[in-house]
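As the structure lists them, so they are numbered: ligands from 1, and atoms in each ligand from 1. Below, all heavy atoms of this structure are taken into account, side chains as well, without hydrogens, waters or symmetry copies. From a predicted model like this one, the values you see are computed outputs, not experimental measurements.
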Amino acid sequence: MFFFLLVALSHTMPTAEERKSPDLVRINDTMNKNIGEDAPEIVSIQQNLLRATEARKLLEEGNKRFRENRTVPKDIGRNKRKKLSTEGQKPFAVIVGCSDSRVSPELIFDLGLGDIFVIRSAGNLVDDIALGSIEFAIQELNVPLIVVLGHEGCGAVEATVKAFEENSGASSHLSIIIERIRPCVEKVIAHENGKSSLMNMTIEKNIQAVVEEILTRSPIVATYVGDGRVAVFGAKYCLESGEVVFFR
Ligand SMILES: [Zn+2]
């Protein structure tokens, strides 16, 4: 009797997937249709633009749930892991983010296993390996959206501003990060209205610089963006409010 009750309950209780917000399920369904196994190998530009728009909407909706404390339960159980293992990953966005422990992409976008392809470094910078990772994501995984995600109070930017102001050096590997961000400090120094302004402006300038660097240094990304298969956006995360603001 108890067994039958359990079986009956298992059919009536919502699964983790069903407990997701209706919007998330709806958009995921739409995207899966577009990027599923039945999708043609070469999808149309219109489809890709739609997918990039939908992908950004997924991020924006997830971030809204996060900052409003309405996060949905994540399916990280055995069945989900098995599905991802056998069917492969189909992430819908590349996030180039900072290593800062307060800016975890899966958390701030309220997402789970297999949803986003994340590349992180102090200062959300890219090098050859990061560029190769982005190219892998758009070529092999058909990801339609790249987001360069900086944030308020970035320690890498702060270290660069400090080194610039004090004309001081840093340890050999940290100095590589500082030298990469330094041109952004130099560009905004003329508009300085106090340290906070310099910091904030440099953070935003650095995000824009990384977007431009991805497009300049990767002809593959530039081609995909040029023909509408991929969209690239900069965005900034606000530590206290939890909001991710897209630049356009
Ligand atoms: Zn940072």
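- Within the protein, the N, O or S atoms sitting under 2.8 Å from the Zn ion (ligand 1) are Cys98 SG, His151 NE2, Cys154 SG.
- Scored by the side chain to side chain contact (heavy atoms under 4.5 Å, CB included) test, Leu174 finds Ala170, Ser171, Ile177, Ile178 as partners (sequence neighbours excluded).
- Using a cutoff of 4.0 Å between basic side-chain nitrogens and carboxylate oxygens, Lys74 and Asp110 are scored as salt-bridged.
- The pair Glu60-Lys57 does not meet the salt-bridge criterion, since no charged nitrogen lies less than 4.0 angstrom from a carboxylate oxygen.
- Under the salt bridge (charged side-chain N to carboxylate O under 4.0 Å, His left out) criterion, no residue pair touches residues 239-248, with sequence neighbours excluded.
- Distance CD/Glu165 to CG/Leu198: 6.0 Å, rounded to 0.5 Å.
- Sorted by first and then second residue, the salt bridge (charged side-chain N to carboxylate O under 4.0 Å, His left out) pairs with a member in residues 203-216 read Arg180-Glu213, Glu204-Lys236, Glu213-Arg217; sequence neighbours excluded.
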